[in-house]
Colleague: 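For reference, the structure I am asking about is given below.
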Protein chains: 2
Amino acid sequence: MAYRETDKIKERKAEARENIVKAAHYLVATKGFGAASVSAVAKEADIATGTVYKYFPSKGELLCEVFRDATEREVEKVAAAVNTAGSAPARLQAAIECFARRAIQGRRLAWALIAEPVDPQVDQERLIYRQAYAEIFENLLREGILKSELPQQSPSVSAAAIVGVISETLVGPLSPPTRRELHDTVKPSELDEERLVSSITRFCLQAVCGPNSSI
Amino acid sequence: MAYRETDKIKERKAEARENIVKAAHYLVATKGFGAASVSAVAKEADIATGTVYKYFPSKGELLCEVFRDATEREVEKVAAAVNTAGSAPARLQAAIECFARRAIQGRRLAWALIAEPVDPQVDQERLIYRQAYAEIFENLLREGILKSELPQQSPSVSAAAIVGVISETLVGPLSPPTRRELHDTVKPSELDEERLVSSITRFCLQAVCGPNSSI
DNA sequence: CAATAGTGTGAATAATGATTCACTTCATAA
DNA sequence: TTATGAAGTGAATCATTATTCACACTATTG
């Protein structure tokens, strides 16, 4: 025995691995999963193609990890927004606004996570992601209904619907984030974005709160 | 000159072409675009791979045509539902129910049209498709607002939101229509489906009609 | 029938992109 | 030092599919 994995190496390996994930994340957040071929990732990370496979068994595994990481970050933010003090409608509003604003900010990433055509392995992951969002809303709704802060309704359907509203209004239309940018040289002003967010919020709150509600 | 395209031949060609489209449609409606490779389509149509190219310049063109056909049929139905007599909310309800019911019936087709990862050429077409749906709703909303049957709101955002609600609640969760079916041997009863449709309808109507509304 | 203009065929080709692998370089410890 | 085992390399290989093409077959007209 003349070789053993030392701590220094272990650390360096972790760093290298992390680097690959970062490179892949960058490509995804910047140009989508379509641009994240193994060789592109390798180039971005300044290593050889083969090296990627010393750290990940397959492209799918790598991209799943990237997806999971990005996703977790997003979901956490929304979950945090839910944990505001206040009535169920107020918390719901906070959550929806958080979700929507972040999607607008990181258009391309949002598109990649929500709408970009991806290979089945990642798509599977996406299901979990949407589920995670839906669950946040669902729990909140359930609680609100219990406390009679919200009218009777199917929490699971309403939750999925909210996710759908945001996906479609923000990400769907923007889906290929390039086309639009080619035409409108002017990017939509922050004012417009605010208007959009408030339209969406109004829609969802009214749907969920029904004939009472204070927006 | 010793040959000219006769009527009989013209007809036969049209038939052959139609057959290819039908075969492709069958595959798409049955197993999604992923299963509609050129050779699979050819086999389904009982012809040689190369023959497909005597009728279509590329796979993309063929699939676009399939997509467009299927799409038109769907959109027409919803458009018809809108043309009911009655108040804006009533017509909206009819349209949403029509959209939703059809999606539930033809799950796989709905999934292919709305959510399946597809190649960019078809994806482009999909954008138009969603737009078509959104426009139906948008016009209706605009009209309703004008007649004061609906409260002030952004018709374009609300319209997109409605499309999003239906996509997510019906197609998203069902997206890989197989997985679910592997577990639940029992398919969701018609009763459940009705409940689902009515939940969705309620959500959308309340969102759009606001603090008045009669569901 | 012969000449012409196709259509139908399916194996070969092309393009893309993931994965492998024989080899080189590096770190470790006897 | 030097033997050992792992990390890094990147060109070659594999797999998958769309697309082409040389050839066989069929219909049409003189």
Side-chain angles (χ1 to χ4, degrees), chain A residues 1-21 23-24 27-28 31-67 116-123, chain B residues 1-21 23-24 27-28 31-67 116-123:
Chain A
M1 189 225 297
Y3 181 91
R4 232 175 33 95
E5 192 178 76
T6 187
D7 280 356
K8 192 161 60 165
I9 285 297
K10 203 179 274 182
E11 205 175 303
R12 189 180 299 176
K13 274 177 67 177
E15 205 174 295
R17 193 192 144 94
E18 186 57 25
N19 247 12
I20 296 173
V21 173
L27 287 175
V28 168
K31 297 181 234 157
F33 282 99
S37 68
V38 175
S39 60
V41 169
K43 187 179 285 183
E44 182 66 36
D46 254 316
I47 56 175
T49 315
T51 306
V52 173
Y53 286 87
K54 288 277 151 71
Y55 292 91
F56 296 90
S58 74
K59 182 197 181 190
E61 292 280 331
L62 165 58
L63 291 190
C64 277
E65 182 160 332
V66 169
F67 190 96
E116 184 184 3
V118 290
D119 74 58
Q121 191 167 170
V122 176
D123 211 49
Chain B
M1 187 222 297
Y3 181 92
R4 232 174 36 95
E5 192 179 77
T6 187
D7 279 355
K8 192 162 59 168
I9 286 294
K10 203 179 274 182
E11 205 174 303
R12 190 179 300 176
K13 275 176 69 176
E15 204 174 297
R17 193 192 144 96
E18 187 55 25
N19 247 13
I20 295 173
V21 173
L27 287 176
V28 168
K31 297 181 234 160
F33 282 98
S37 67
V38 176
S39 60
V41 170
K43 187 179 286 183
E44 181 66 36
D46 253 317
I47 55 175
T49 314
T51 306
V52 173
Y53 287 86
K54 289 275 156 55
Y55 293 90
F56 296 90
S58 73
K59 182 198 182 188
E61 293 281 331
L62 165 58
L63 291 191
C64 277
E65 181 160 332
V66 169
F67 190 95
E116 183 184 3
V118 290
D119 74 58
Q121 191 168 170
V122 176
D123 210 49

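Letters A, B, ... mirror the listed sequences (proteins, then strands); counts begin at 1.
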Colleague: Which whole-number value in Å describes the distance from A:D46 CG to D:dG10 P?
Modeller: 11 Å
Colleague: Would you find a donor on one side and an acceptor on the other, under 3.5 Å apart, between the side chain of A:E65 and the backbone of A:V21?
Modeller: no
Colleague: In whole angstrom, what separates B:N19's CG from C:dG8's P?
Modeller: 11 Å
Colleague: Using a 4.0 Å heavy-atom cut-off across all strands, classify A:K54 as base, sugar-phosphate, or nothing.
Modeller: base
Colleague: Tell me what B:Y55 touches on the nucleic acid: a base, only sugar-phosphate, or nothing, going by heavy atoms under 4.0 Å.
Modeller: sugar-phosphate
Colleague: OP1 or OP2 of D:dT17 less than 4.0 angstrom from a side-chain nitrogen or oxygen of B:S37, does that happen here?
Modeller: no
Colleague: Whole angstrom is fine here: how far is it from CZ in A:F33 over to C1' in C:dA18?
Modeller: 17 Å
Colleague: Using whole Å, what does the distance between atom C1' of nucleotide C:dT7 and atom NZ of B:K10 come to?
Modeller: 16 Å
Colleague: Side-chain contact test, heavy atoms from C-beta onward, threshold under 4.5 Å: evaluate it for B:L63 versus B:F67 and give yes or no.
Modeller: no
Colleague: Rounded to the nearest angstrom, tell me the gap between atom CD in A:E11 and atom C1' in C:dA27.
Modeller: 15 Å
Colleague: Please give, in whole Å, the distance from D:dT16 C1' to B:K59 NZ?
Modeller: 11 Å
Colleague: How many Å lie between NZ on A:K13 and P on C:dC26, as a whole number?
Modeller: 18 Å
Colleague: Under the criterion side-chain contact (heavy atoms from CB on, under 4.5 Å), I'd like the reasoning laid out for B:V38 against B:Y53: C-alpha separation, chi angles, the key distance, then a yes or no.
Modeller: CA-CA 9 Å; B:V38 176; B:Y53 287 86; 3.6 Å; yes
Colleague: Quick check on C:dC26: is either OP1 or OP2 less than 4.0 Å from any side-chain nitrogen or oxygen of A:R12?
Modeller: no
Colleague: Can you measure A:Q121 atom CD to C:dT19 atom C1' for me and round it to whole angstrom units?
Modeller: 14 Å
Colleague: Starting the side chain at C-beta, find the nucleotide from C:dT28, C:dG10, D:dA18 nearest to A:I9.
Modeller: C:dT28
Colleague: If you assign each of A:I47 and B:S58 to its closest nucleotide in DNA chain D, which residue comes earlier from the 5' end?
Modeller: A:I47
Colleague: Please check if the side chain of B:Q121 supplies one atom and the backbone of B:C64 the other of a donor-acceptor pair under 3.5 Å.
Modeller: no
Colleague: Counting only side-chain heavy atoms from C-beta out, which of C:dA27, C:dG10, D:dA7 sits nearest to B:A48?
Modeller: C:dG10
Colleague: Distance-only, no hydrogens or angles: does the A:E44 side chain make a donor-acceptor pair with backbone N or O of A:L27 under 3.5 Å?
Modeller: no
Colleague: For C:dG17, does either OP1 or OP2 sit under 4.0 Å from a side-chain N or O belonging to A:S39?
Modeller: no
Colleague: Does B:Y53 put a side-chain nitrogen or oxygen below 4.0 Å from OP1 or OP2 of C:dG8?
Modeller: no
